[in-house]
Colleague: 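Okay, here's the structure, questions in a sec.
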Amino acid sequence: MIKVAKFGGSSVANATQFQKVASIVKGDDARKFIVVSACGKEGEEDHKVTDLLYLCRAHMKYGVSYEEIFSMIEKKYYDIAETLKVNVDLKSHFDAIREKMDKNMNVDYLVSRGEYLSGILMAEYLDGVFIDAADVIAFDFDGQINMEESKERLLKKLEGVPGEKRVVIPGFYGSLPNGVIKVMSRGGSDITGAVLAGILDADVYENWTDVSGVLVANPTIVKNPKPIDRISYNELREMSYMGANVLHEEVIFPVKEKNIPINIRNTNAPEDKGTMIMENCDKYDEKDPPHFITGITGKQNYTVITVIKSHASSEEGFLRRILDVFDKYKIHIESIPASVDCFGFVVAHKQVESCLYEVCNAIKEKIKADEIRIATNISLVAVVGRGMAYKPGMSALVFAEFGKQNINIRMINQGSDEITIMVGVDDKDYEKAIRCIYERFISA
Ligand code: ASP
């Protein structure tokens, strides 16, 4: 059994966190491949190392001394090394970075050093082997990760690693074909973990963070929401698309392809099982699950342009002509709830704020609409759950709850896979709508 375990910034923020990581890693022999982020914040007042590195770069750009900021970074790593009595010559690493900073340096090199140093320290602390991500994560010149090349490089590197040793690889960066370091998007260590899990055909990709899994609802709206036990990739995609702050699309791709489950875990509560994200949850699901809703999420500030024209449904190319107008203005349509002669086009308000009346006029003209109505300040609330498809009356229960809470439903949409029921409500009812569904179906 092989597990790739990625530890995020908060999991390696200081020596105490390093100790937690070590006990988690050593608690399971399958945790062979460890990916680490740069040190995260220790508290509210503190700063993430990656942010500090970007800040150093900004100071350099404007010719202002970066000394104070850089020494904050140095102190973090020296403190960890000293407390844990890790035998690493940090000074030589910092000297090498400083030397490059004084020359014409690649920014990505500088901002990747947080992960690099975490990796060096963690490898030594775990008595493992450090493999530099620059040697194994291969980018093409277009910025895409080359999985084949990365696999080849990693397997080659692993040839020299004794079987009993754990391997520590820094997250967030790799290198271009000419050897120049390139970083991923922010939060990219998650991607490194997923790429390695994919390459190694891991049994599980563990993603250790500071929450006990993906939460059912946004914790700023619902107090102490429960974590989700199991969620399918498709449900997760719906949740992230509809605004939930979960894993990046790029993280899902390398593992989904190979059907490798992702387990989101909490470094500060390792006994919690966390959330399992997997392709096919159904086979693990009970016949009659405790609740049919996996997650509740949503987005605010939408505008609905409703186009009404009698007998439109039988008019050839009617919809296409309207879509051409949206296309011309480069407006992305979120959803099109429709009835016989009435079509609603739901779009993010910021996309139309500068051209709303032009767009409406253009549509009116193009299809000779009877009427065009505009509704602004609309929120979309998405109730996501693979179990809903099998549960007759589920949407009725959701809508009834809104009715009971006096929340006016402005629009309803359900995809044909029945994973998501999407409801449009007034912005002012947004949080109330999420809370009432949580209370009625999850915490009740
Ligand atoms: N350290 C990087 C960041 O702060 C990458 C990561 O933590 O995943 O974005």
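Order of appearance sets the numbers: ligands from 1, and atoms from 1 within every ligand. As the structure is a prediction and not an experimental result, all values here were calculated from the model. Side-chain atoms are counted along with the backbone in the values below, which use heavy atoms only and exclude waters and symmetry mates.
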Colleague: Return all side-chain donor-acceptor pairs below 3.5 angstrom for residues 211-222, not counting sequence neighbours, or 'none' if the list is empty.
Modeller:
residue	atom	partner	partner atom	Å
Ser212	OG	Asn266	ND2	3.2
Ser212	OG	Asp272	OD2	2.6
Asn218	OD1	Thr220	N	2.9
Asn218	OD1	Thr220	OG1	2.8
Asn218	ND2	Thr220	OG1	3.3

Colleague: Does at least one non-hydrogen atom of Gly188 fall below 4.0 angstrom from an atom of ligand 1?
Modeller: yes
Colleague: Could you check whether any heavy atom of Gly171 sits closer than 4.0 Å to an atom of ligand 1, since that is the contact criterion I want to use?
Modeller: no
Colleague: Would you mind checking if Glu334 and Lys299 are paired as a salt bridge, meaning a charged N to carboxylate O distance below 4.0 Å?
Modeller: yes
Colleague: For Arg166 and Arg31, indicate whether the former's side chain and the latter's backbone hold a donor-acceptor pair under 3.5 Å.
Modeller: yes
Colleague: When only distance counts, is Arg186 in polar contact with ligand 1, meaning an N/O pair under 3.5 Å?
Modeller: yes
Colleague: Could you list which atoms of ligand 1 come closer than 4.0 Å to a heavy atom of Ser37?
Modeller: 6 (C), 7 (O), 8 (O)
Colleague: Any N or O on Gly187 sitting closer than 3.5 Å to an N or O of ligand 1?
Modeller: yes
Colleague: Which bit of Met184 is near ligand 1, meaning a heavy atom under 4.0 Å away: side chain, backbone, both or neither?
Modeller: neither
Colleague: Go through ligand 1 atom by atom and flag the ones less than 4.0 Å from a non-hydrogen atom of Glu115.
Modeller: 1 (N), 2 (C), 5 (C), 6 (C), 7 (O)
Colleague: Closer than 4.0 angstrom, basic N to acidic O: yes or no for Lys258 and Glu279?
Modeller: no
Colleague: I want to confirm something. Looking only at heavy atoms, which of Gly40, Gly193, Ser189 is nearest to atom 6 (C) of ligand 1?
Modeller: Ser189
Colleague: Quick one: side chain to side chain donor-acceptor pair (under 3.5 Å) pairs with a partner in residues 121-145, sequence neighbours left out?
Modeller: Asp127-Lys165, Asp132-Tyr173, Asp140-Asn146
Colleague: Tell me yes or no: between the side chains of Ser92 and Asp89, is some donor less than 3.5 Å from an acceptor?
Modeller: yes
